[in-house]
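First the structure, in the form of structure tokens, and then the observations on it.
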Amino acid sequence: MTSTEQDRPAVALHDVGKRFPGVVAVSGVTLAIPPGEVHVFAGENGAGKSTLMKLIAQVEQPSSGRIELDGVPVAYQGPGAARRLGVVMVHQEFALAPDLSVAENLFIGHEPGRGGWISRAEERRAARELLGHVGLDIDPGRRVALLSTAEQQRVELAKALTVQAKVLILDEPTASLTEREAEELFGIVRELTARGIAVLYISHRLDEIFEIGDRVTVMRDGAVVATRPVTELDEDRLVQLMVGRDVENLYPRTHNKPGPVRLEVRGLTRDDAVRDVSFEVRAGEIVGLAGLVGAGRTELARAVFGAELPDAGTIALDGKRLRIRGPSDAIAAGIGYLTESRKTDGLALPLGVDKNITLAKLPMRAGLIDLAAERKIAERERDGLRIRVPWVGRPVRTLSGGNQQKVILARWLETGAEVLFFDEPGRGMDVGAKSEMFQQMDSLAARGKAVVFISSYLPELLNMCDRILVMRGGRITGEVARAEFSEERVVALATGARNVENGGNHD
Ligand SMILES: Nc1ncnc2c1ncn2[C@@H]1O[C@H](COP(=O)(O)OP(=O)(O)OP(=O)(O)O)[C@@H](O)[C@H]1O
Ligand SMILES: [Mg+2]
């Protein structure tokens with residue numbers, strides 16, 4: 001490719017590599033991304049996507065190779081320097097200071113007032129204008145801690161606009177957004193690309209890759225497998241490139257005849273979040289919980305698990321009423337809960353993969369932790385879920401995002417819980433890992449456990465569940481049996497659309 005003024009790439013990588021002790025995270029990446037392109041990075045968990053982005057944003061120093069911005073080679077000088085050159089990275093865990101105001105967060109390091117003197121009024125005015133560009137109508141004096149996830153992300157995007165951004169990096173930006181928030185984000189991304197900003201976008205969601213991407217680079221084991229315009233790919237081909245094989249059946253489910261009732265919840269109530277909820281789950285069943293974000297699904301799971309104490313209601317397991325005063329009671333009784341916010345709720349980051357997996361149920365021998373057994377358990381889970389880690393004693397902190405999630409999943413699989421709540425378990429996992437996770441859910445059910453599956457992605461529920469309970473405003477507003485499964489029916493119940501009761505019945 002010749003480079004004239006206008007087709008000079010916003011970012012160019014030449015044989016870029018990054019080694020960590022014992023791991024080659026990125027190797028031999030050569031790639032050029034023009035201004036105004038949305039370039040998607042896809043690949044299995046641990047493929048090196050986040051690390052590559054950190055090299056471009058100078059969060060990490062490359063071990064080899066050369067990076068050019070606008071045709072000029074850049075030396076590694078840290079994230080501040082990269083920002084000044086117009087590279088902005090929105091990390092998956094946002095880097096905002098929670099106790100500062102929105103305006104303060106926007107202008108940290110480069111306050112609008114000249115000569116070291118900051119005018120509050122000026123700062124606020126500038127903040128409002130920037131927030132307007134990302135469709136956020138909030139008081140710039142508001143503390144960041146009080147904002148929703150989507151709002152915090154918007155502030156991050158607005159922050160990108162405070163510098164003359166040329167390259168914007170988004171690492172799994174829709175992972176914790178609702179469908180509508182995701183659509184709004186796409187709108188903002190399109191506006192930014194129209195202004196000539198190159199957007200580097202990491203995603204595991206096939207649907208959005210095709211919606212927002214111009215080109216896709218697929219990575220595997222740190223290297224680039226292929227770079228293609230999205231128009232030359234379809235989902236099957238993309239999956240094949242990512243995992244290096246066909247994923248025959250993403251949703252492996254064998255429907256067994258449900259056994260006796262295992263979990264029975266009656267009249268469960270907590271504030272306005274959970275209102276008079278009753279349901280049961282039988283042995284061998286996977287019961288889905290559908291609903292819009294905020295419908296009360298997570299709150300319901302937390303109330304059953306004892307993470308929040310209910311105001312009223314009863315919970316019984318195998319016909320025996322339980323007294324749950326906290327999560328440890330729930331665990332002791334045989335109830336497990338894979339939370340949706342795994343980063344904050346679950347992992348001991350400095351500890352090894354092995355310790356993290358056995359945290360809820362330590363293998364003991366003669367009063368001591370059985371270390372050999374612990375390693376065996378961890379190795380079995382590592383192989384089963386394909387957790388990408390050179391040895392199981394390695395701190396969880398050094399694992400990629402998706403692999404950290406697999407560690408928590410492994411922990412719950414190992415507790416031997418009789419009832420398991422999975423709250424958005426597939427988030428951030430690659431397709432291959434997801435299919436393995438679903439296989440495990442299926443086998444839990446086949447062994448007579450009771451599974452409750454919360455997901456905002458309806459195809460997952462429709463393919464994996466025996467029944468779907470739909471929640472709205474803290475209540476269960478309907479139940480859909482497998483024979484009547486349809487996206488329309490679930491959506492209608494979740495949003496409260498009227499005409500569904502007779503309209504959705506096809507047989
Ligand atoms: N600070 C670190 N120390 C040691 N190893 C690391 C570190 N950061 C990343 N790695 C390793 O580098 C490899 C690539 O990780 P990376 O986070 O780039 O993957 P990813 O493609 O973003 O995966 P995911 O989809 O799970 O987020 C992994 O094997 C990971 O364990
Ligand atoms: Mg990552």
Side-chain angles (χ1 to χ4, degrees), residues 13 16-29 31 39-65 76 79 89-95 169-176 200-206 208-209 216-227 238-239 241-244 342-343 346-347 349-354 356 378 382 385-410 424-437:
L13 308 172
V16 169
K18 175 67 182 177
R19 280 185 309 274
F20 291 110
V23 189
V24 178
V26 171
S27 86
V29 174
L31 189 63
H39 197 102
V40 176
F41 289 82
E44 292 187 291
N45 298 128
K49 306 177 296 291
S50 295
T51 303
L52 183 64
M53 297 305 115
K54 287 177 190 167
L55 298 178
I56 297 169
Q58 300 196 33
V59 175
E60 299 274 4
Q61 180 165 19
S63 314
S64 56
Y76 173 78
M89 178 160 179
V90 179
H91 291 267
Q92 200 175 355
E93 293 82 42
F94 308 130
I169 300 173
L170 303 173
D171 193 348
E172 297 188 48
T174 55
S176 41
L200 281 49
Y201 191 110
I202 300 181
S203 176
H204 287 293
R205 292 182 40 177
L206 301 177
E208 79 181 23
I209 292 176
V216 195
T217 286
V218 178
M219 295 182 71
R220 201 191 305 153
D221 294 332
V224 170
V225 177
T227 296
L238 183 57
V239 168
L241 287 169
M242 284 196 279
V243 300
R342 289 171 282 270
K343 276 290 160 49
L347 286 170
L349 292 173
L351 295 187
V353 169
D354 46 4
N356 269 281
R382 176 197 62 193
L385 293 173
R386 304 212 293 168
I387 300 172
R388 201 190 140 101
V389 62
W391 57 287
V392 294
R394 196 156 170 118
V396 161
R397 170 174 47 78
T398 66
L399 267 60
S400 77
N403 283 301
Q404 292 185 349
Q405 292 183 27
K406 293 187 206 170
V407 170
I408 303 214
L409 175 62
E424 306 281 358
R427 220 176 242 176
M429 280 199 200
D430 67 58
V431 268
K434 252 193 225 172
S435 137
E436 271 149 26
M437 177 184 73

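All values below come from the heavy atoms of this structure, side chains included, with hydrogens, waters and symmetry mates left out. Just so you know, ligand 1 is whichever comes first in the structure, and atom 1 is the first atom listed for that ligand. Here the structure is a predicted model, which means the values were calculated and not measured.
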Can you check whether Glu60 has an N/O within less than 3.5 Å of an N/O in ligand 1? no

Subset of ligand 1 atoms that lie under 4.0 Å from at least one heavy atom of Arg394: 4 (C), 5 (N)

Does an N or O from Gly428, backbone or side chain, lie closer than 3.5 Å to an N or O of ligand 1? no

Of Thr217, Ile209, Leu238, the one forming a side chain to side chain contact (heavy atoms under 4.5 Å, CB included) with Val40 is Ile209

Best match, Thr398, Val23, Thr51: closest heavy atom to atom 31 (O) of ligand 1: Thr398

Does Thr51 bring an N, O or S atom to within less than 2.8 Å of the Mg ion (ligand 2)? no

Under a 4.0 angstrom heavy-atom cut-off, which atoms of ligand 1 come close to His204? 25 (O)

Quick one, Asp171 with Met53, criterion side-chain contact (heavy atoms from CB on, under 4.5 Å). Give me CA distance, side-chain angles, the key distance, then yes/no. CA-CA 8 Å; Asp171 193 348; Met53 297 305 115; 5.7 Å; no

Just go through Glu44, Arg388, Lys54 and tell me whose heavy atom is the nearest to atom 29 (O) of ligand 1. Arg388

Candidate list Arg386, Lys434, Lys406, test salt bridge (charged side-chain N to carboxylate O under 4.0 Å, His left out), partner Glu44, passing option: Arg386

Taking the non-hydrogen atoms of Gln404, is any one of them nearer than 4.0 angstrom to ligand 1? no

Mind checking what makes salt bridge (Lys or Arg N to Asp or Glu O under 4.0 Å) contact with Arg388, not counting sequence neighbours? Asp221

Who are the side-chain contact (heavy atoms from CB on, under 4.5 Å) partners of Thr51, not counting sequence neighbours? Lys18, Phe20, Ala25, Val26

In ligand 1, the atoms that come under 4.0 Å of a heavy atom of Gly402 are 24 (P), 26 (O), 27 (O)

What atoms of ligand 1 come closer than 4.0 angstrom to any heavy atom of Asn45? 23 (O), 24 (P), 25 (O), 26 (O)

Has Gly48 got any heavy atom lying under 4.0 angstrom from an atom of ligand 1? yes

Separation between CG (Leu399) and CD1 (Ile387), nearest 0.5 Å, reads 7.5 Å

Decide whether an N or O pair under 3.5 Å exists between Leu399 and ligand 1. no

Heavy-atom distance under 4.5 Å between the side chains of Leu349 and Gln404, does that happen here? yes

So, does Glu172 sit close enough to ligand 1 that a heavy atom of it is under 4.0 Å from the ligand? yes

I'd like the name of whichever of Gly46, Gly43, Ser203 reaches closest to atom 14 (C) of ligand 1 through any heavy atom. Gly46

What part of Arg220, side chain from CB on, backbone N/CA/C/O, both or neither, has a heavy atom under 4.0 Å from ligand 1? neither

Full working for side-chain contact (heavy atoms from CB on, under 4.5 Å) between Glu436 and Leu409: CA-CA 11 Å; Glu436 271 149 26; Leu409 175 62; over 6 Å; no

Just how far is it from atom OG1 of Thr227 to atom CZ of Phe41, taken to the nearest 0.5 Å? 7.5 Å

Output the distance between atom CG (Leu351) and atom CZ (Arg394), rounded to the nearest 0.5 Å. 15.0 Å

